[in-house]
J.: 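Dropping the structure in here first, questions after.
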Amino acid sequence: MKARHLIFILGDQLSAGISSLEGADPKRDAVLMCEVMEEATYVRHHPKKIAFIFSAMRHFAEDLRQKGFTVDYQRLDAPGNTGSFTGELQRAITRFEPQTVRITEPGEWRVLQMIEAWAGILPCPVDILEDTRFLSSRSEFAAWAKNRQQLRMEFFYRDMRRKTGLLMRGDDPEGGRWNFDAENRKPASPDLFAPKRQGVAPDHITKEVLDLVGRRFKAHFGSLANFNFAVTATDADILLESFIADQLATFGERQDAMLSSDPFLSHSLLSFYINAGLLDPLDVCRRVETAYLAGNVPLNSAEGFIRQIIGWREYMRGVYWLKMPDYRDANFLDAERPLPDFYWTGETDMNCVHTVVSETRDNAYAHHIQRLMITGNFALLAGIRPQAVHEWYLEVYADAYEWVELPNVIGMSQFADGGFLGSKPYAAGGNYIHRMSDYCATCRYDVKKKTGEKACPFNALYWDFLDRNSGKLKRNQRLGPVYAAWSKMTEAQRNDYRHSAAAFLAKLDSAVSTY
Ligand code: FAD
Ligand code: DLZ
Ligand code: SF4
């Protein structure tokens, strides 16, 4: 078949309404989708992430065929698969001889560079279309950010509320406030009834993919066992409904809590589907708003949830495109330590880190506060090189694409951008973890002890981090009270912290990542 447009759909563009399909004619246009080694191995993604994307891609291709489209779908193990987007596109062009290639702008800067280079090597023009699944386009965000020394999510978020009308009463926010976090952030109580999470049993397409991924990506970190992700928009929608019915009401108050017996608490587990295109972010928010308006969930939960999506998620994407490619190399605190081996093995006496790494290995998922305040916080305090931390996060989570992962790691978690994205480093000692989780109760370390062999390592590392970086952080207004507390300590106390941290870090340095 000769095609008018060859529409190239990438693995995270699985939305029926994707801009590249707008106005497409099944009789005249053809679709290209391909599983390629380059994408699966540019970092060593968790096998569950690869299986999720491949299976969701195969299901999406079937849906398009049902709609009458000719879909050129190249499986990873198809004979002649060149292993790269560029190679597969070139092969498809010889088959379809299209007048133009159409593609929606990719999520990652790396892939945009690749696409922009196609103009010089392909025999036909390439139309790159805006990704309209985001509320704020790249240029709108750049206009918002222009002339601001520091960006703050809260102000961006208010504009998104006004733009969408979500939880608005005329010009005013529902409930008279923009943000109800004061009512959130409660520690989890283990006796709280938690409805069982729904999952989706693998169908024959997913089983075939699991077999392929199990064979080809054995060396990657992570378990494929108990794969229960949705891989179609219909099933993702069922999971969304179940979240709204069962977990949303307690989302706000349990948002920052961590519990050994429950890796998911009241989190939605929807990021995989939103990021790959199976769920539309604005539609998700409208359905959450409807649940609130019907009186089924409290405002603090509905507002908190909607803020994560139209606030944080959009803000992260805006910062990514504003700051790339330099953002990837940012290292404001000059942190140079390699990633410890236990990020891959989970073998550490720190029960909090052990729990989060183990859950990550099993589920390709950890919730926000685990990512920020356990693995992220540890890396920040220990001075791990931000780029090593970034790569770990990109590999291990099934919702990780650089546009959302990188600003969360480089900006929010590691403060490697010096405070461009957030106002202070998310650094905390053991007390915070003790307050928000039950991890410390069964830990070999004593969270109440400040220094010495038995003391929780987060305690000395916290003060050592502030001390080590005081030249760069001391003037940060939000850290004023902690630096005041540090200076009130005796020199002997301060030295105790310094020596304790040094002894711990020396041990860490002798056990560098071998993965
Ligand atoms: P919920 O807690 O139910 O939140 C609802 C939705 O809000 C999420 O599905 C997500 O779409 C959105 N959201 C919440 N927080 C953020 C945020 N900070 N940035 C962007 N969107 C947000 N999120 C990713 O999607 N991909 C990543 O690779 C990723 N890496 C992260 C790395 C670090 C160090 C940190 C601190 C956070 C990261 N996040 C990432 C944000 C957040 O942790 C995940 O979106 C969330 O844990 C996904 O689980 P959930 O769907 O159950 O979220
Ligand atoms: C993450 C991923 C993986 C593992 N494999 C593929 C693939 O084989 N084919 C594909 O089209 N997309 C894949 N993806 C998603 C892409 O990496 C993603 O679309 C780009 O990074 C742009 O955001
Ligand atoms: Fe983590 Fe320290 Fe608590 Fe152990 S005592 S679980 S290391 S915070």
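All values derive from a computational prediction rather than experimental measurement. One-based numbering, in listed order, for ligands and for the atoms of each. This chain uses plain numbering: 1 for the first residue, then up along the sequence.
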J.: Can you confirm whether or not the ring centre of Y432 sits under 6.0 Å from the ring centre of F458?
T.: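 That pair fails the under 6.0 Å test.
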J.: In the protein, which heavy atom is nearest to atom 14 (C) of ligand 1, and how far is it?
T.: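 The closest heavy atom on the protein side is Q308 CB, 3.3 Å.
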J.: Between F217 and F54, what is the ring plane arrangement, given parallel below 30°, perpendicular above 60°, and tilted in between?
T.: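 It falls in the perpendicular class, over 60°.
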J.: Are F134 and W403 an aromatic pair, judged by ring center distance below 6.0 Å?
T.: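 For W403 and F134, the ring centres are under 6.0 Å apart.
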J.: Which ligand 1 atoms are under 4.0 Å away from a heavy-atom of A366?
T.: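 Matching atoms, with element in brackets: 47 (O).
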J.: Check each protein residue for a heavy atom under 4.0 Å from ligand 2 and list those that pass, ordered by chain and number.
T.: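 Contacting ligand 2 under 4.0 Å are L10, G11, D12, C34, E35, V36, E39, A40, H45, I53, F54, M57, F85, G107, E108, R110, V111.
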J.: Salt bridge check: are R435 and D256 linked by an N-O gap of less than 4.0 Å?
T.: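 Salt bridge: no.
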J.: Does any N or O in the side chain of S20 come within less than 3.5 Å of the main-chain N or O of I103, such that one atom is a donor and the other an acceptor?
T.: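 Checked: no pair found.
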J.: Under 4.0 Å from a heavy atom of M316: give me the atoms of ligand 1 that qualify, with their elements.
T.: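 Once the distances to M316 are compared, the set is 19 (N).
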J.: Counting distance only, does the side-chain N/O of H220 pair as donor-acceptor with the main-chain N or O of H45 below 3.5 Å?
T.: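 At least one qualifying donor-acceptor pair exists.
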J.: Please say whether L270 places an N or O atom under 3.5 Å from an N or O atom belonging to ligand 1.
T.: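 L270 vs ligand 1: N/O contact under 3.5 Å present.
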J.: I'd like to know whether ligand 1 has F243 as a neighbour, heavy-atom separation below 4.0 Å.
T.: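 Heavy atoms of F243 never come under 4.0 Å of ligand 1.
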J.: How far is atom 43 (O) of ligand 1 from the closest protein heavy atom, and which atom is that?
T.: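 Closest protein heavy atom to atom 43 (O) of ligand 1: H368 ND1, 3.0 Å.
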J.: Check for me: within less than 2.8 Å of atom 2 (Fe) of ligand 3, which protein N/O/S atoms show up?
T.: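 Less than 2.8 Å away from atom 2 (Fe) of ligand 3 sit C456 SG.
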J.: Select the closest option to atom 3 (O) of ligand 1 among A398, C285, S268, G411, judged by heavy-atom distance.
T.: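 Nearest heavy atom to atom 3 (O) of ligand 1 lies in S268.
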J.: Where is the nearest protein heavy atom to atom 23 (N) of ligand 1: which residue, which atom, and how far?
T.: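 Nearest neighbour among protein heavy atoms for atom 23 (N) of ligand 1, to 0.1 Å: V404 CG2, 3.8 Å.
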J.: Could you work out, for atom 48 (C) of ligand 1, the closest of S271, G304, P407 by heavy-atom distance?
T.: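 The nearest heavy atom belongs to S271.
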J.: Of R371, R313, K48, which is the lone residue that meets salt bridge (Lys or Arg N to Asp or Glu O under 4.0 Å) with D399?
T.: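 Among the candidates, only R371 passes.
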J.: Run down the list Q414, R313, Q255 and name the one with the heavy atom closest to atom 20 (C) of ligand 1.
T.: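 Of the listed residues, R313 has the closest heavy atom.
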J.: In the protein, which heavy atom is nearest to atom 49 (O) of ligand 1, and how far is it?
T.: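 The closest heavy atom on the protein side is Y365 CE1, 3.2 Å.
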J.: Do R216 and V213 make a side-chain contact, defined as non-hydrogen atoms from C-beta onward lying under 4.5 Å apart?
T.: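 Not touching, per the 4.5 Å side-chain cut-off.
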J.: Looking only at protein heavy atoms, which one is nearest to atom 2 (O) of ligand 1, and how far off is it?
T.: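 Residue, atom and distance for the closest contact: H267 ND1, 2.7 Å.
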J.: Is it true that the NZ or CZ of K450 lies under 6.0 Å from the centre of Y462's six-membered ring and within 45 degrees of the ring axis?
T.: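 Cation-pi check for K450 and Y462: fails.
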J.: Nearest to atom 6 (C) of ligand 1 by heavy atom, I309, L372, V288: which?
T.: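 Selected option, by shortest heavy-atom distance: I309.
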J.: Below a 4.0 angstrom heavy-atom separation, can you tell me which part of F272, side chain or backbone, both or neither, approaches ligand 1?
T.: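 Looking at F272 and ligand 1, no heavy atom falls under 4.0 Å.
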J.: So, do F342 and F378 have ring centers that fall under 6.0 Å from each other?
T.: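 Here the rings of F378 and F342 have centres that are less than 6.0 Å from each other.
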J.: Could you please spell out the steps behind the side chain to side chain donor-acceptor pair (under 3.5 Å) verdict for D417 and Y327?
T.: CA-CA 7 Å; D417 66 355; Y327 207 63; 2.6 Å; yes
J.: Tell me, which protein residue and heavy-atom name are nearest atom 5 (C) of ligand 1, and how many Å apart are they?
T.: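 Going atom by atom, the protein heavy atom closest to atom 5 (C) of ligand 1 ends up being F305 CE1, 3.4 Å.
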J.: Give the ring-plane orientation class for F52 versus Y273, where under 30° counts as parallel, over 60° as perpendicular and anything between as tilted.
T.: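 Perpendicular, since the angle between the ring planes exceeds 60°.
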J.: Identify the closest protein heavy atom to atom 16 (C) of ligand 1: which residue and atom is it, and at what distance?
T.: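 Protein heavy atom at minimum distance: W312 CB, 4.0 Å.
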J.: Would you check if F141 and L322 make a side-chain contact, meaning some heavy-atom pair closer than 4.5 Å?
T.: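 A side-chain contact exists here, since the closest heavy-atom pair is under 4.5 Å.
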J.: Can you check whether F305 and F243 have ring centres sitting under 6.0 Å from each other?
T.: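 Ring centres of F243 and F305 closer than 6.0 Å.
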J.: Which residue in the set E116, E402, E39 passes salt bridge (Lys or Arg N to Asp or Glu O under 4.0 Å) when paired with R110?
T.: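 The single option meeting the salt bridge (Lys or Arg N to Asp or Glu O under 4.0 Å) with R110 is E39.
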J.: Does E405 approach ligand 1 within less than 4.0 angstrom via side chain, backbone, both or neither, non-hydrogen atoms only?
T.: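 For E405, backbone and side-chain atoms both sit under 4.0 Å from ligand 1.
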J.: Flag H367 as yes when one of its N or O atoms lies below 3.5 Å from any N or O atom of ligand 1, and as no otherwise.
T.: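 It does not: no N or O of H367 is found under 3.5 Å from an N or O of ligand 1.
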J.: Nearest protein heavy-atom contact for atom 40 (C) of ligand 1: which residue, which atom, what distance?
T.: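 Going by distance alone, atom 40 (C) of ligand 1 is nearest to R371 NH1, 3.5 Å.
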J.: Among N408, L269, L380, L248, which residue places a heavy atom closest to atom 17 (C) of ligand 1?
T.: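 Shortest heavy-atom distance from atom 17 (C) of ligand 1: N408.
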J.: Can you check whether R385's main-chain N or O pairs, donor with acceptor, with N331's side chain at less than 3.5 Å?
T.: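 Such a contact is absent between N331 side chain and R385 backbone.
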J.: Who's closest to atom 27 (C) of ligand 1 heavy-atom-wise, of D399, L265, I274, N275?
T.: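 Closest candidate by heavy-atom distance is D399.
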J.: Quick one: does Y157's side chain have a donor or acceptor within less than 3.5 Å of a partner on Y315's backbone?
T.: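 Here the side-chain-to-backbone pair does not exist.
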J.: Do the non-hydrogen side-chain atoms of L278 and T232 ever get within less than 4.5 Å of each other?
T.: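 L278 vs T232: side chains apart.
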J.: Given E62, which partner from the list R58, H59, R65 fulfils the side chain to side chain donor-acceptor pair (under 3.5 Å) test?
T.: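 Result for side chain to side chain donor-acceptor pair (under 3.5 Å) with E62: R65.
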J.: Anything under 30° is parallel, anything over 60° is perpendicular, the rest tilted; go ahead and classify W344 against F221.
T.: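 Correct class here is perpendicular.
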